[in-house]
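Have a look at the structure below, then the notes.
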There are 2 protein chains.
Amino acid sequence: MGHKPRKEMIAETRAKLVAAARHAFGTVGYAEASMDDFTASAGLTRGALYHHFGDKKGLLQAVIAEIDAEMLARLKIVSARADTLWQGFVDECTAYIEMALEPEIQRIVLRDGPAVLGDPSQWPSQNECIRSMSENLQKLRDEGTIVAVDPEAAARLISGASLHAAQWIANSEDPEATSKKAVQAFNVLLEGLLKQSRRIGRPQAPAEIDKSLA
Amino acid sequence: MGHKPRKEMIAETRAKLVAAARHAFGTVGYAEASMDDFTASAGLTRGALYHHFGDKKGLLQAVIAEIDAEMLARLKIVSARADTLWQGFVDECTAYIEMALEPEIQRIVLRDGPAVLGDPSQWPSQNECIRSMSENLQKLRDEGTIVAVDPEAAARLISGASLHAAQWIANSEDPEATSKKAVQAFNVLLEGLLKQSRRIGRPQAPAEIDKSLA
DNA sequence: GATAATGACATACGACGCGTATGTCAATTA
DNA sequence: TAATTGACATACGCGTCGTATGTCATTATC
């Protein structure tokens, strides 16, 4: 007993720094988060931070990577348990919007991240979520459910629409009503992807999507 | 002759500050732009800045308001010269993407702005562009071209998709090829808005949209 | 098993940038 | 012409970042 192995101590230090930074970035924002303050809250100093992450931006990258990994895991679960590919895709989009409603994700990933690290489409992590959606769209195209469209392009457009919808919803006066309107409009746009034959007379299921957003 | 009237001098000072800040924000970014530096480049000091704009954020607001006014003016011109409402709407979307390709707009309006001033959907200025799109969608709904959908919701989703598409295009290795893919996918999604009767067998015109993006 | 070397942190220092408080001077107003 | 307003400059203090340096434990070497 007694002391833990070295590797674990180091990993623990890293984790504590990431956790403290994540909390600070998520609440007061990246620019207002004092490195002295949140490293102290983790029982450390900036020395540890610079040793492990190089600088403040490096730490933000680590925080975002952690959040992104969590998002990807959640998306995979959602799409995996759907009955059809199309339903899985729609569910994944819905989950995407739901996640973007969380203040921590909005602040760190959607606002401060792009400002500090540049365009998110260049991040390795964010591309994971996009790639997940792209793969689903590719399969949907292969099975003939949707029209011939570039999967990555569609995925990026849809994720862009989702993210903006989420920010609109989260900051609106009546989030629930806004959510209904956004989801309905979102479904209308997604219908554009479906082939004519499938689209005509096909009952959409906005109610089901809606309840998961409430 | 001789000295200009007082009001003009003051307006000129404000304009010089906004112009200098706009250049600094657009090139090195908001956080890296030193107030001492870019006020000096305008032949002034921070004293003038604090007098007119209160603080650095206030100046960013002024810069964004200026850019947004320009964007709105450009959008109005585009939508006004179209033959049909639907064509005007599509053209406006295209113009939106084109503007979002400009580095200055990407940096100031799309990245630093949200990080410093919060969610853009809360800005008075950004809402002008959205409102312009919303009005067009409202008219399209009234004349029966598109399905029953909340105009503002659709406008926000579409603008979100446009903005992300633009960032994706601007930062891609082959912007031209990426642009083609994005525009094609964008048209597919917009088709979702059209009523079935109009959608079936209706020749789309991606070529025309495409050339304006090249 | 003693010594050297590596690495994980803490401490100390310098520089910069922001905001405010204060000062100055011209232009209006009475 | 005297008083007042307002546009701007100057001066100061404070916080924050990055780096350079120091310390101590762990690991490697013989």
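Just so it is clear, the structure is predicted and the values come from calculations on it, not from any experiment. So that the names make sense, note that chain A is the first sequence line, chain B the second, and so on, each numbered from 1. Computed from heavy atoms alone, side chains included, the values below leave out hydrogens, waters and symmetry copies.
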*Is the shortest side-chain N/O distance from B:Thr13 to OP1 or OP2 of D:dA7 below 4.0 Å?*
no
*Residues within residues 19-34 of chain B bordering DNA chain D, heavy-atom distance below 4.0 Å*: none
_Below 4.0 angstrom, which residues in residues 35-61 of chain A have at least one non-hydrogen atom near DNA chain D?_
A:Met35, A:Arg46, A:Tyr50, A:Lys56
*Quick one: do the A:Gln87 and A:Asp91 side chains pair a donor with an acceptor below 3.5 Å?*
yes
_Can you tell me if B:Gln122 has over 12 outside heavy atoms packed within less than 6.0 Å of its CD?_
yes
Using a 3.5 Å cut-off and no angle test, enumerate the donor-acceptor pairs between side-chain atoms of residues 99-110 of chain A and protein atoms at least two apart in sequence or in another chain.
from, atom 1, to, atom 2, distance (Å)
A:Glu102, OE2, A:Arg74, NH1, 3.3
A:Glu102, OE2, A:Arg74, NH2, 2.8
A:Glu104, OE1, A:Arg22, NE, 3.2
A:Glu104, OE1, A:Arg22, NH2, 3.1
A:Glu104, OE2, A:Arg22, NE, 3.1
A:Gln106, NE2, A:Ala100, O, 3.1
A:Arg107, NE, A:Asp112, OD2, 3.4

*Which residue pairs pass the ring-ring contact (aromatic ring centres under 6.0 Å, His included) test when at least one of the two sits in residues 163-188 of chain B, sequence neighbours left out?*
A:His164-B:His164
_Are B:Gln61 and B:Lys57 packed together at the side-chain level, in the sense that at least one heavy-atom pair is separated by less than 4.5 angstrom?_
no
*Are the side chain of A:Ser132 and the backbone N or O of A:Glu128 linked by a donor-acceptor pair below 3.5 Å?*
no
_With a 4.5 Å cut-off on side-chain heavy atoms, are B:Ile158 and B:Leu193 touching?_
yes
*Partners meeting side chain to side chain donor-acceptor pair (under 3.5 Å) with A:Arg111 (sequence neighbours left out)*: none
_Angle between the end axes of the helix from C:dG1-D:dC30 to C:dA30-D:dT1, five pairs per end, to the nearest 10 degrees?_
10°
_Whole angstroms only, please: what is the CD-C1' distance between A:Glu8 and C:dA8?_
16 Å
*Side-chain (A:Thr94) to main-chain (A:Val90) donor-acceptor, under 3.5 angstrom*: yes
*Using the ring of each side chain (for Trp, its six-membered ring), is A:Phe38 parallel, tilted or perpendicular to A:Phe25, with breaks at 30° and 60°?*
perpendicular
*When the distance from CE of B:Met9 to C1' of D:dC8 is rounded to whole Å, what number comes out?*
12 Å
